[in-house]
Every structure is written in C-alpha cells, then in structure tokens.
Amino acid sequence: MAKKPVKRLSDYQAPAFFVDTLDLHVELHDSATLVTATSRLKKAGTDSLLRLDGEQLELVSLELDGVAVEPRFENDQLLLDVPGEGAELKVVTRINPEANTALEGLYKSGGAFCTQCEAEGFRRITYFPDRPDVLAVYTTTIVADKALYPQLLSNGNLVASGDLEGGRHFATWQDPHPKPCYLFALVAGDFDLLEDGFTTSSGRDVLLQIFVDKGRKAQARHAMDALKGAMKWDQDNYGLEYDLDRYMIVAVDFFNMGAMENKGLNIFNAKYVLADDDTATDQDYDAIAAIIAHEYFHNWTGNRVTCRDWFQLSLKEGLTVFRDQQFSADWAGSSATRIKEAQVIRTNQFAEDAGPMSHPIRPQAVAEMNNFYTVTVYNKGAEVIRMLHGLLGKAGFRAGMDLYFERHDGQAVTCDDFVDAMADANDRDLTAFKGWYSQSGTPVVNVAEHWDGSQYSLVLTQHTPPTADQQQKGPLPLPFAIELLGHGRQVLQLDGAEQRFELGSFAEKPVLAPLCGFSAPVKLVFEQSDAELAALVEKASDGFVRVDAAERLLQRLVEAWLKGEEHAALDLWLGALEAIAKGPLQDAFLESELFKVPGIMAMQGWFETIDLDGLVAARDRLRQAVRERCFGALKARYQEVQGLADKGARALTNSLLALLAENLPEEVARRYHQAANMTERQGALAAAVAGELAESEALLAEFAERYQDNPQVLDKWLMLQGQRAGALERMDQLSRHGAFNWQNPNRTRALFGTFIAHNPQCHTEAGYAWLGLVLPKLDAINPQATARMVAPLLQWRRFDAGRRAQLEQLLTALRARDSLSADVGELLDKALA
Ligand code: TRP
Ligand code: ZN
C-alpha cells in the first residue's frame with residue numbers, strides 16, 4: 001500500500017523560506033505539458049534548507065540564481081541549500097495532464113485543461129513549498145493551441161495576450177493578491193460564455209463571467225443571479241466587497257467535489273452551475289445558489305484570510321458554510337432549511353463521530369488531507385460558528401468578524417486567531433468555548449423535568465462518550481433553546497456537566513419542546529411521554545422540534561419492533577400525521593418533511609448496532625401502516641396541493657406521492673408524463689422506484705431516452721438505478737451504458753456511491769463480492785473519489801456478526817493490495833485498527 005506519513009498539528013513549524021513572487025509559464029500539451037516556475041525566495045528565519053514538495057513530476061531542470069543545481073530528494077520532497085537571504089529559483093517540470101485521472105493538479109476534463117490544487121495538488125504541477133502559509137504574488141503565462149483552446153484563463157487580471165507561431169497563442173495573467181498555491185487555477189478550453197456585471201458599494205465595476213460547455217449558456221442564468229445575490233448579500237451583511245475587476249466561474253464535468261474557490265477563477269462541478277426548469281429540481285436550484293455563494297464568500301473567509309496549516313481547515317470551511325447557510329436562509333430559505341441542516345449533522349456527522357474516522361473540527365493528526373474534507377470539518381464546523389453567533393448576538397458576531405479582518409487580512413492564521421478576535425471584540429472569555437475545536441464526539445444532553453404542582457425546573461446534564469481518536473472528554477458550553485408550549489421560547493446556557501434551571505410556576509405541567517432550531521450539535525436523552533411527543537409533532541412552533549419529536553416516537557416504535565414487540569407510538573404517530581393532514585395547510589415545506597418515513601441511513605443512527613434486515617422491514621412496515629391508516633387524509637392533501645405551481649407545494653406533493661405510491665400507481669405515471677418541470681418529473685420517478693411499481697421500468701427507460709444528451713440529468717437516473725431493488729443484478733449492464741464513465745466521479749458516485757450508501761442489497765454476500773471487484777478498479781482511477789465512497793463501509797463493526805465477518809474480510813483484502821492508494825489506505829488502517 002502507498003503510505004503517507006501522519007502529520008500532527010503539534011509539530012507545526014513555520015516555513016524556512018517565503019516566496020514573494022512566482023512566475024509560471026505553462027506550455028500546454030495533452031501528454032507533455034512543460035511548466036517553468038520562477039520564484040523569488042526570501043529567508044524567513046535562520047534555517048537555510050528549502051523544502052519543495054513534488055509528486056508525479058518529471059524534473060527537467062533546476063537552477064538557483066541562474067546556476068544549475070543537483071537535486072537532493074527525501075521522500076516526496078526536493079531539498080536545497082539556499083545560501084544568503086534569498087535567491088531566484090527556477091524549476092522546469094514536465095507533466096502528463098491526459099493521464100491524470102485522479103483530477104488533482106492539472107488535468108483534462110472533456111476537451112478542456114483545468115486544475116485542482118486544494119489541498120495538495122499544486123505539487124503535481126511543479127516543485128514548490130505546497131503549504132498554505134507561503135503566500136506569493138503570481139504571474140501566469142499560458143501557451144496553447146488557439147483553435148482547440150481559444151480561452152486561456154488564470155487568477156487575477158489579464159495583462160497580455162497574443163498569437164504565436166504554429167497556431168498557438170498565449171495569455172498572461174497577474175494576480176495582485178498574495179495567495180497560497182492551493183488557490184492557483186488555470187483553465188484552457190473552448191466554452192460558451194455568459195457575461196454580466198456588478199458594481200460594488202464603493203463603485204468598482206466587476207465583470208462577471210461564467211464559462212460552460214457549448215450550448216449550455218442559458219442554463220448558467222440562475223448561477224449568475226445567485227452570484228450577484230451573494231455579492232450584494234456579503235456587502236449588506238458583512239461590509240465585504242469584491243476586490244478584483246473580474247470574477248470568473250468555469251463549469252467542468254470531471255471534478256472531485258462541488259466547487260473550488262480559486263482566487264478570481266472558481267472552478268465548479270457543472271452539476272452546481274447548470275440549471276433550467278426542464279433539467280433541474282427545486283433542490284438543485286437551491287444547491288447551486290448555496291455553492292455559488294459559498295465559493296464567493298471564500299474570497300474573504302479563506303482567500304484574503306487563509307489557513308496557517310491544513311489542520312485549520314474549519315477556519316475557512318466551517319465559517320464559510322455558516323455564511324452560505326445564512327445567505328440561503330435569506331435568499332431562498334424555507335422552514336425546511338434548518339431541518340435539513342440538522343439532518344446532515346444527525347445522520348452523517350454523528351455517524352462519522354461514531355466510527356473510526358472520528359475527529360474534532362480541528363483534526364490533530366492527518367495522513368491524506370483529502371480525507372479531512374468532512375462533514376465534521378464543514379458542517380459541524382458551521383454549527384460551532386452558529387453557536388458563537390448565538391452567544392455573541394448578531395452585532396457582536398459582526399464586530400468579531402470586523403476585528404478578524406482588521407487584524408488578519410493578508411495572513412495565514414489559526415482557528416484560535418478567529419476565536420480570539422470574537423472574544424476581544426466582545427470582551428468575552430471564550431476559553432471554554434475553544435473546546436469545541438479540540439474535542440471530537442457527540443455530546444449527549446440528558447434532560448430531567450421536575451414539576452411539583454407549581455414550580456417547574458429542568459436539570460440538564462451532559463457527557464460525551466469516548467471516540468476512536470480520543471478517550472477523555474469534558475463538558476462544553478452549549479446553548480439549549482427550549483419552548484414551553486404556549487409559554488414562549490428561551491435559551492438555556494449549559495456551561496458545565498450539570499445545571500439546574502428554574503423556569504417559574506405553572507398550574508399545569510408544561511410541555512417542553514427541547515433543542516429548538518437544533519441549537520447545539522448534540523444528542524438528546526429525554527424520557528418524554530409518547531403523548532407529549534405526539535403533541536409536539538402537531539403543535540410545537542419550531543419546525544425542527546416537530547420533525548425531531550416524530551423521529552423520537554418512531555425510534556421507540558422501531559426499537560420495539562426489532563425486539564418483536566408492539567408499541568403505542570405507532571398510533572400516536574399516525575394520529576398526528578392524520579390530524580396534520582386534515583387541518584388547514586399552514587406550511588407545505590414543513591409538512592413535506594413530516595410526511596416522510598425516515599431512511600435506512602437515518603434509522604441506523606438510532607442504534608449502536610445495525611440490524612439492517614430489521615430496519616428494512618421496519619421501514620416497509622411504516623410505509624404500509626401510513627397507507628393503510630392515513631390514506632384518505634393524505635390523499636385529500638395530495639389533491640389539494642398537486643396542481644399548485646409553487647415550490648412548497650411541489651415538495652409536499654413529492655413527499656406524499658413517495659409515501660402513497662403503491663396505492664396510486666396510475667397517478668404516479670400520470671404525474672410523470674404530465675410533469676411541468678424536473679421537480680415534478682423526478683419526484684414521480686423516485687416515487688415509482690421507491691414503491692417498486694410495475695411502471696418504474698418503463699418510466700426509467702423513458703427518462704433515459706428523453707435526457708440522453710444531458711449528463712447531469714442522467715446522474716439522477718443513475719442514482720435511482722443505484723437505489724433500486726435488484727440494482728446489483730443490473731450493475732454490469734449499467735456500467736457499460738453510454739451514460740456511464742468510470743473516470744467521471746459524478747457518474748461513479750451517482751451509481752456506485754448511491755448503491756453503497758443507500759441500497760441494503762450492497763450488504764449481501766453478492767454485494768460484498770461485487771465491492772471486492774469494483775473498489776480496486778475505482779481506486780486505481782481516482783483515489784480521492786473512491787475514499788469518499790468507501791466511508792459507509794468503515795462502520796463495519798456495527799453490523800450483525802455475519803456481515804461483520806464478511807466486511808472485515810473484504811476490507812482486509814483490500815488493504816493488503818500493493819497498489820492501494822494512500823487515501824483509501826488511511827481509512828482502512830483506521831477502520832481495521
Ligand atoms: N475548498 C473547496 C470548497 O469548500 C472544496 C475542495 C477541497 C475541493 N478540496 C477539493 C473541491 C478538491 C474540489 C476538489 O469550496
Ligand atoms: Zn469551502
């Protein structure tokens with residue numbers, strides 16, 4: 001197995017040399033691109049040993065102040081002694097973009113050249129101190145064939161361009177803002193271009209450009225509107241303006257993640273740019289706006305102020321996710337926005353913390369950095385910022401942000417620097433709060449109520465169980481928002497392991513709605529009565545509490561079912577659903593969440609050991625019980641909303657259709673064929689697949705035919721194929737389908753990723769045999785994407801004895817492979833430890 005040494009936060013050392021300027025000259029050729037990198041080095045301390053990172057490079061020449069020097073290597077580093085206070089370093093390397101299927105460094109996507117340098121991809125372009133605390137001013141010259149690549153782009157401002165011999169041309173770009181190399185970008189291609197403009201509050205005219213595949217220009221309109229919305233929002237809310245004359249976004253089809261915030265030249269997965277009503281769902285529209293905003297917001301939180309080292313990743317990611325969540329709530333938000341954010345934490349992040357990859361939002365030890373772009377660093381990181389925002393209030397948080405930029409603009413800093421700015425601007429001691437950065441795991445908050453006929457009080461206790469990476473835990477300060485039904489809402493601040501809160505006198509015992517708005521990323525233990533939970537489902541004023549109360553009821557029910565027992569929660573849950581459906585329609589988005597049966601992934605989180613067959617049976621039984629007992633009321637609601645042309649109604653219609661599909665097969669087909677947009681069409685198709693309707697085969701075929709020329713839409717089709725009952729038997733055929741491509745992570749994630757994460761058929765003997773063949777093949781192509789797909793399997797110890805043994809065997813065999821990547825290797829080392 002290829003191994004990377006583990007690095008520790010505690011071993012951080014400042015660089016021996018800074019790089020003031022970097023001149024890049026890139027001669028683009030498919031299989032032999034020549035990169036000349038000339039940098040001005042400046043000694044930073046007393047050490048004269050320069051360390052340059054490099055991977056998969058062919059070194060052509062190396063010069064220091066014009067004199068050739070012999071390279072000395074240590075692992076993946078090139079070592080050089082640089083006498084004096086500085087020097088000019090010139091490195092020439094040759095690289096092969098065409099063979100680069102890992103999609104890190106410089107590679108080809110379709111017919112275009114593009115780059116991905118975060119986290120450590122720049123070292124696949126040239127030898128360089130590839131670390132975020134080395135900030136340089138870049139000048140980049142790109143040379144390429146003019147007919148094939150009429151557009152040559154890099155960061156900053158275009159300062160020169162022109163024709164060359166042999167049908168080639170060049171462009172030179174200069175970025176005046178010093179940046180770490182992970183923010184470098186280069187693109188060469190032949191795109192359609194959508195242009196617009198934005199004038200900043202101080203009067204700078206910014207040219208906005210979105211580059212997309214030929215013929216897709218109209219589909220970039222929504223992304224452009226979101227970009228302008230985000231630019232205005234950041235001015236209005238944080239006083240932050242754009243700082244260059246041009247902002248470019250390029251959409252490519254081959255991309256490992258969502259998007260990348262390269263200075264002035266974002267590169268996006270086309271999935272998060274292209275949309276129109278025929279091809280994108282309402283959810284797609286919202287995801288595009290959120291990611292466009294996210295990358296734009298990075299210009300300040302990430303680029304102007306960047307990370308000292310990669311352990312600080314949440315400094316930029318947690319903060320930027322929080323900012324994009326705030327933007328989304330203002331721009332396109334609904335009552336379901338916060339519910340969905342909470343679901344990501346409770347389903348995905350809690351699972352990560354319960355498994356072998358558990359880490360704090362600021363990890364302490366990392367081998368492959370790509371493995372730490374996690375739901376913990378990003379989404380739990382955002383929850384931590386949200387708690388700070390709550391603690392300091394809107395104005396206090398803004399004061400902290402202002403001070404952070406005043407102190408650190410142009411610097412590479414740490415999470416501590418951020419919290420210190422918040423503390424100093426508000427004259428608060430946030431020492432205890434910093435524990436959220438260093439402690440992994442999910443705090444469990446225990447709620448005990450006391451009502452003596454008049455006085456009502458609560459005792460909150462907290463403890464965090466040990467995690468794979470960390471045994472000792474302490475209490476963390478956390479805001480615990482509550483509502484007493486009919487008596488209003490308040491926030492209890494829990495600062496220690498145990499605290500008592502006197503809440504006044506009440507003639508009747510009040511009903512407590514705990515953890516309103518998911519005020520802290522914690523688990524709740526609360527022996528609330530079934531009847532009170534049902535009351536919360538129907539009547540709590542907080543949407544999260546209503547959905548959570550339903551989940552707590554269902555958890556009790558499923559727990560009983562798994563033991564072969566019955567439980568009163570079933571009637572209470574069905575009664576609440578029926579009462580809601582019979583009542584006046586108040587909030588379609590919220591109802592769309594309430595009228596869902598939790599998925600297998602969510603249910604897995606309710607239990608320490610996973611009884612997969614029991615959970616599948618329970619889910620089917622829940623769906624059936626709803627159809628038997630609430631059909632009339634839900635059908636009436638369906639008829640009330642199905643014809644309405646609004647987003648909330650569409651969400652609700654889709655939920656109801658998915659729930660009732662087996663009873664309404666003709667309606668599912670009718671809605672599919674008469675769909676006015678992708679939200680309706682995809683909703684109907686998903687309902688047909690979830691209900692395993694006889695119609696689903698024909699509908700899937702119609703869908704593939706209708707959208708045969710649109711890869712983004714075909715990913716939806718591949719996802720449904722991956723989710724379907726009997727998917728495994730079709731895998732061979734599907735992976736030879738024209739819509740599929742082993743090298744494209746959107747395709748492999750859609751089909752294989754969905755199957756691994758969401759299809760119980762993956763966890764059969766045949767499923768494991770299939771994994772044993774497919775995972776090595778995927779890993780050889782793209783380690784980063786494969787590591788992400790493997791994640792659900794790391795939970796192997798939680799399955800039943802039979803599956804546990806088979807998974808252990810599968811993972812052990814995988815780990816023993818010589819050719820295994822460092823990415824997957826790190827995960828398996830942890831999972832099998
Ligand atoms: N920094 C990017 C973001 O959050 C994400 C990112 C990190 C990324 N590494 C990547 C994107 C590799 C693509 C490929 O917006
Ligand atoms: Zn980001």
Side-chain angles (χ1 to χ4, degrees), residues 55 100-107 109 114-125 130 132 155 179-187 223 226-227 230 234 249-273 287-307 309-328 344 361 363 366 368-382 385 744-746 748-749 782-789 821 823:
E55 275 176 26
N100 182 350
T101 58
L103 315 185
E104 289 178 70
L106 177 69
Y107 64 93
S109 170
C114 65
T115 54
Q116 172 56 41
C117 295
E118 187 176 8
E120 299 177 330
F122 194 73
R123 62 186 64 183
R124 294 176 182 217
I125 295 175
D130 188 357
N155 319 84
K179 64 169 175 289
C181 64
Y182 83 86
L183 291 173
F184 169 77
L186 173 163
V187 173
L227 175 59
D234 219 12
I249 291 173
V250 182
V252 299
D253 200 30
F254 286 66
F255 203 69
N256 274 339
M257 307 249 264
M260 181 63 214
E261 70 266 24
N262 317 300
K263 184 79 187 189
L265 177 55
N266 291 179
I267 300 180
F268 268 63
N269 190 324
K271 167 186 163 78
Y272 293 115
V273 174
I288 288 168
I291 295 183
I292 290 273
H294 179 97
E295 307 311 332
Y296 176 72
F297 295 156
H298 267 317
N299 190 55
W300 280 93
T301 49
N303 301 3
R304 288 289 289 252
V305 183
T306 194
C307 302
D309 55 73
W310 288 122
F311 300 101
Q312 319 295 330
L313 181 60
S314 203
L315 172 78
K316 72 177 178 82
E317 296 303 347
L319 178 55
T320 303
V321 171
F322 173 68
R323 276 151 51 68
D324 86 53
Q325 290 177 349
Q326 281 189 309
F327 166 78
S328 293
V344 169
I361 64 169
V366 168
E368 174 50 65
M369 189 54 211
N370 286 333
N371 284 335
F372 286 82
Y373 287 76
T374 59
V375 66
T376 298
V377 168
Y378 274 64
N379 300 70
K380 185 180 177 184
I385 302 291
N744 186 306
N746 285 5
T748 55
R749 210 177 354 249
N782 187 328
Q784 190 181 347
T786 308
R788 290 186 165 267
M789 276 189 258
S821 68
D823 303 57

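Numbering of ligands and ligand atoms starts at 1, following listing order.
Listed by number with element, the atoms of ligand 1 under 4.0 angstrom from any heavy atom of Gln784 are 12 (C). Residue Lys316 approaches ligand 1 through these ligand atoms, each under 4.0 Å from one of its heavy atoms: 1 (N). Close contacts of ligand 1 with Glu261, meaning ligand atoms under 4.0 Å from a residue heavy atom, involve 1 (N), 2 (C), 3 (C), 15 (O). Distances below 4.0 Å separate heavy atoms of Tyr378 from the following atoms of ligand 1: 1 (N), 2 (C), 3 (C), 4 (O), 5 (C). Interface atoms of ligand 1 facing Ala259, defined by a heavy-atom separation under 4.0 Å, are 2 (C), 3 (C), 5 (C), 11 (C), 15 (O).
Residue Glu261 does not count as close to the Zn ion (ligand 2), with no N, O or S atom under 2.8 Å.
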Side chain to side chain contact (heavy atoms under 4.5 Å, CB included) between Thr748 and Met789, intermediate numbers included: CA-CA 9 Å; Thr748 55; Met789 276 189 258; 3.5 Å; yes
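Nearest to atom 7 (C) of ligand 1 among the protein's heavy atoms is Tyr373 CE2, 3.2 Å. Looking only at protein heavy atoms, the nearest one to atom 1 (N) of ligand 1 is Glu118 OE1, 2.5 Å.
Under 3.5 Å, the side chains of Tyr373 and Gln784 contain no donor-acceptor pair of N or O atoms. If you check the side chains of Asn262 and Asn155, you find no donor sitting under 3.5 Å from an acceptor. With 3.5 Å as the limit, one finds no donor-acceptor pair spanning the side chains of Glu295 and Asn266.
Checked options Asp823, Leu103, Thr101; the residue passing with Asn782 is Leu103 (criterion: side-chain contact (heavy atoms from CB on, under 4.5 Å)).
The shortest side-chain heavy-atom distance between Cys114 and Val250 does not fall under the 4.5 Å cut-off.
To the nearest 0.5 Å, atom CD of residue Glu55 and atom CZ of residue Arg124 are 5.0 Å apart. Note: Tyr107 OH to Thr115 OG1 = 8.0 Å, rounded to the nearest 0.5 Å. The OG1 atom of Thr374 sits 10.0 Å away from atom CD of Glu317, with the distance rounded to the nearest 0.5 Å.
Residue Glu317 has at least one N or O atom closer than 3.5 Å to an N or O atom of ligand 1.
Computed with the Zn ion (ligand 2) at the centre, the His294 NE2 to His298 NE2 angle is 100°, stated to 10 degrees.
Nearest to atom 15 (O) of ligand 1 by heavy-atom distance, out of Glu295, Glu120, Met260, is Glu295. Across the listed options His298, Glu104, Met257, Met257 owns the non-hydrogen atom lying nearest to atom 9 (N) of ligand 1.
The part of Gln116 lying near ligand 1 is the side chain, judged by heavy-atom distances below 4.0 Å.
Atom OE1 is the N, O or S atom of Glu317 at the shortest distance from the Zn ion (ligand 2).
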